[in-house]
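Report on one structure; see the data block that follows.
Proteins get letters first, then strands, A, B, ... in listed order; numbering begins at 1 in each. Side chains are part of it too, since the values below use all heavy atoms of this structure and drop only hydrogens, waters and symmetry mates.
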Number of protein chains: 2
Amino acid sequence: MKLTEARQHFISSWGAFGTHWGINRTMAQIHALLLISPDPLTQDDIMEELNISRGNTNMNIRELINWGLVERVLLSGERKEYFTAEKDIWKVVKQIVKERKKRELEPMLQLLDKLEEVEGDKRDRHVKIFVDTVGGIKKLGKQADKTLDVMIRAEETWFVGNLLKMFK
Amino acid sequence: MKLTEARQHFISSWGAFGTHWGINRTMAQIHALLLISPDPLTQDDIMEELNISRGNTNMNIRELINWGLVERVLLSGERKEYFTAEKDIWKVVKQIVKERKKRELEPMLQLLDKLEEVEGDKRDRHVKIFVDTVGGIKKLGKQADKTLDVMIRAEETWFVGNLLKMFK
DNA sequence: CCGAATTTTCAAAATTTATTGAAAATATAT
DNA sequence: ATATATTTTCAATAAATTTTGAAAATTCGG
């Protein structure tokens with residue numbers, strides 16, 4: 001397979017993959033493109049390569065910056081802004097985990113805390129199943145939260161090494 | 001908080017949560033409702049409780065069955081079908097992981113295998129970054145795949161125990 | 001086999017989400 | 001300060017996804 005074709009495949013699959021994870025296609029594609037670009041790109045480079053509008057490009061780049069996956073680069077003597085993505089995949093994964101934990105897991109745990117305090121008699125089957133279910137989710141969620149905290153701080157070698165030990 | 005209100009909250013949050021994970025709102029809500037229902041429910045029960053149409057209910061129940069999260073229950077002497085969800089959250093999580101691994105991670109790894117064989121000289125910066133990026137993702141993906149395999153087979157007590165050991 | 005109950009399908013409608021592109025805002029060189 | 005390049009915003013539009021509901025198919029008791 002030629003490089004040009006392989007790049008196309010990679011970008012479109014990364015985009016499709018993203019949509020299964022609540023990330024919009026364009027954002028994932030821009031990320032993919034930056035991942036496989038040896039040098040920083042401008043907005044115009046990205047627009048041209050992916051055939052998307054200026055507005056769309058701009059918004060999704062900013063969103064990637066919010067996620068901590070892309071950063072602005074100022075090239076001396078250049079007026080335009082350039083963008084580049086973190087290439088170390090382990091760092092990328094940790095960053096995504098960190099953000100999703102903050103945006104989704106933590107608010108969910110807060111809600112569950114409140115819901116567990118529902119008033120009513122546990123001898124009522126409906127109360128019992130509700131409290132038990134919420135409690136069960138909370139317990140697992142808290143464990144996941146702790147585990148992810150450690151993962152976020154870990155080095156890949158340490159982490160993978162430990163997983164191998166744990167599982168063999 | 002009263003039970004009725006708490007149930008509403010739980011169902012709607014579970015739905016919103018689902019949409020961040022590529023699962024449609026209704027499917028997640030039906031799942032939530034079944035999780036907190038002590039007894040199996042019929043399609044009509046679900047339609048009424050969530051105010052959704054018959055077709056929508058039917059399609060999403062079937063999808064939940066495909067995911068292995070809900071099952072049909074036949075109550076003797078009843079003509080209607082009843083549905084119930086697995087209540088053990090650890091089993092639920094394992095089932096979701098198992099499905100997503102099969103549907104998403106494995107196809108992605110297959111693609112990466114092919115993409116890594118791109119032809120071209122690695123002294124070309126574009127070839128090099130492409131091969132390195134794809135290789136890096138593949139390596140981490142394979143590790144995740146193995147780890148998830150073990151997790152899917154694990155008991156919660158064993159798994160949590162090991163994580164605690166690992167991280168403390 | 002008939003008829004009623006129940007489930008499933010799917011084209012059309014509604015809703016949600018993503019994208020465009022031009023105008024406004026901002027930044028920079030001279 | 002002005003002109004020009006560049007970035008950002010956002011209302012309008014387009015596209016994708018979800019939902020409806022009625023018709024078709026299926027199931028099952030008698």
Spell out, as yes or no, whether a donor-acceptor pair under 3.5 Å connects the side chain of Asn60(B) to the backbone of Asn56(B). yes
Do Lys94(A) and Asp88(A) meet the salt-bridge criterion of a basic N to acidic O distance under 4.0 Å? no
Length of the CG-C1' vector between Leu75(A) and dT28(C), whole Å: 16 Å
Whole-Å distance, Arg62(A) CZ to dT26(C) P, equals 13 Å
Asp44(A) has an atom CG; how far is it from atom P of dA5(D), in whole Å? 13 Å
Could you point out which residue of Thr57(A), Thr26(A), Asn58(A) forms a side-chain contact (heavy atoms from CB on, under 4.5 Å) with Ile46(A)? Thr57(A)
For the helix from dC1(C)-dG30(D) to dT30(C)-dA1(D), measure the angle between the helix axis at one end and the axis at the other, each built from five pairs, rounding to 10°. 30°
Would you kindly give the CD-to-P distance between Glu81(A) and dT28(C), to the nearest whole Å? 9 Å
For the NZ atom on Lys122(A), are there more than 12 heavy atoms of other groups (residues, nucleotides or ligands in this structure) within a distance under 6.0 Å? yes
Using whole Å, what does the distance between atom C1' of nucleotide dT7(D) and atom CG of Asn58(A) come to? 6 Å
Using atom types as modelled and distance alone, determine if a side-chain donor or acceptor of Lys87(B) lies under 3.5 Å from a backbone N or O of Ala85(B). yes
Contact pattern, 5' to 3', of nucleotides 18-23 of chain D - B, S or - by protein heavy atom under 4.0 Å: SSBB--
When rounded to whole Å, the CE to C1' distance for the pair Met47(A) and dT20(C) reads 10 Å
For Phe83(A), run the side-chain contact (heavy atoms from CB on, under 4.5 Å) check against Leu41(A), Val73(A), Ile30(A), Val70(A) and tell me which one passes. Val70(A)
Just checking Glu78(A): does its CD atom have more than 12 heavy atoms from other residues, nucleotides or ligands closer to it than 6.0 angstrom? yes
For Gln43(A) and dA27(C), give me the distance from atom CD to atom P, rounded to whole Å. 15 Å
ring-ring contact (aromatic ring centres under 6.0 Å, His included) contacts touching residues 86-119 of chain B (sequence neighbours left out): Trp90(B)-Phe159(B)
Just checking, Arg153(A) and Trp158(A): is the charged tip under 6.0 Å from the six-membered ring centre and within 45° of the axis? no
Could you work out which one of dT27(D), dT7(D), dT8(C) sits closest to the side chain of Arg79(B)? dT27(D)
Nucleotide dT7(D), atom C1' - distance to CD1 of Ile65(A) in whole Å: 12 Å
